**Student:** 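Shown below is the structure under consideration.
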Amino acid sequence: MLLLDFSDTVIVATGEGLGQGDDALRRRVIVTYFATLIELGMRPQAVAFYTAGVKLVADDSPCLDELRTLSALGVRLIACRTCLDHYGLIDRVEVGEVGNMATIVELQAHAAKVVTI
């Protein structure tokens with residue numbers, strides 16, 4: 001396993017999939033993205049979820065297994081409470097913590113890199 005240092009990086013997930021294209025492909029690719037982080041030993045400082053990205057931490061997310069693994073490896077997962085409320089998902093969060101935008105902005109401010117997916 002290749003160990004790369006991603007520990008000073010915050011990943012921001014703003015959609016329920018990755019990239020452009022049909023929804024099934026976007027959801028499949030987001031699963032692959034998180035699985036690849038795990039496979040390569042890349043442990044970001046945190047993954048922040050806001051707007052439609054909060055759907056990734058809900059009970060019907062296609063990448064729950066990967067997010068649970070990242071969390072178990074010590075990666076902090078934070079979902080925006082306002083966004084969860086907007087989508088009616090506050091009671092369906094399966095992984096990570098419910099936070100607020102202040103927490104997310106603070107994480108971004110202290111990160112050497114912020115990667116938006």
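Position 1 is the first residue of the sequence; numbering continues from there. Remember, it's a predicted structure, so these values are computed and weren't measured experimentally.
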**Student:** Is there a side chain to side chain contact (heavy atoms under 4.5 Å, CB included) between F34 and V75 once you walk through the steps?
**Tutor:** CA-CA 12 Å; F34 288 126; V75 176; over 6 Å; no

**Student:** Are the side chains of M101 and T82 in contact, using a 4.5 Å heavy-atom criterion?
**Tutor:** no

**Student:** Let me see the working for T9 and M42 under side chain to side chain contact (heavy atoms under 4.5 Å, CB included), right down to the final yes or no.
**Tutor:** CA-CA 10 Å; T9 302; M42 299 176 80; over 6 Å; no

**Student:** If you round to the nearest 0.5 Å, how far is CD of Q45 from CG of D8?
**Tutor:** 7.5 Å

**Student:** Going through the distances and angles, do E16 and R26 end up as a salt bridge (charged side-chain N to carboxylate O under 4.0 Å, His left out)?
**Tutor:** CA-CA 8 Å; E16 57 185 301; R26 293 175 61 249; 5.7 Å; no

**Student:** Atom CD in E94, atom CG in D65: separation rounded to 0.5 Å?
**Tutor:** 11.0 Å

**Student:** R76 versus L107: any side-chain heavy-atom pair under 4.5 Å?
**Tutor:** yes

**Student:** With hydrophobic residues grouped by side-chain heavy-atom distances under 4.5 Å, do L77 and V114 end up in a single group?
**Tutor:** no

**Student:** When you measure from the side chain of S71 to the backbone N and O of L67, does any donor-acceptor pair fall under 3.5 Å?
**Tutor:** no

**Student:** Indicate if I11 and Y50 have the same hydrophobic cluster label, given that clusters are the connected sets of ILVMFWY residues with side-chain heavy-atom separations under 4.5 angstrom.
**Tutor:** no

**Student:** Do T51 side-chain atoms and T14 backbone N/O form a donor-acceptor pair below 3.5 Å?
**Tutor:** yes

**Student:** Mind checking the CG-CZ spacing from D59 to R92? Nearest 0.5 Å is all I need.
**Tutor:** 4.0 Å

**Student:** Check whether L56 and L84 end up in the same hydrophobic cluster, where Ile, Leu, Val, Met, Phe, Trp and Tyr are linked by side-chain heavy atoms less than 4.5 Å apart.
**Tutor:** yes

**Student:** Are V93 and F49 close enough that some pair of their side-chain heavy atoms sits under 4.5 Å apart?
**Tutor:** no

**Student:** Say you draw a straight line from CD1 of I30 to SG of C63; how long is it, rounded to the nearest 0.5 Å?
**Tutor:** 6.0 Å

**Student:** Does L37 reach the side chain of E66, with side-chain heavy atoms less than 4.5 Å apart?
**Tutor:** no

**Student:** Can you list every side chain to side chain donor-acceptor pair (under 3.5 Å) pair that touches residues 103-112, not counting sequence neighbours?
**Tutor:** N100-T103

**Student:** Following the transitive rule for hydrophobic clusters with a side-chain heavy-atom cut-off under 4.5 Å over Ile, Leu, Val, Met, Phe, Trp and Tyr, establish whether L70 and F6 coincide in one cluster.
**Tutor:** yes

**Student:** Indicate, with yes or no, if Y33 and L64 share a hydrophobic cluster defined by side-chain heavy-atom contacts under 4.5 Å among Ile, Leu, Val, Met, Phe, Trp and Tyr.
**Tutor:** yes

**Student:** In Å and rounded to the nearest 0.5 Å, what is the CD to CG distance from Q20 to L25?
**Tutor:** 10.5 Å

**Student:** Rounded to the nearest 0.5 Å, what's the gap from CG on L18 to CD1 on I117? Could you check?
**Tutor:** 5.5 Å

**Student:** Find out whether R28 and P62 are in side-chain contact, i.e. whether some heavy atom of one side chain is under 4.5 Å from a heavy atom of the other.
**Tutor:** no

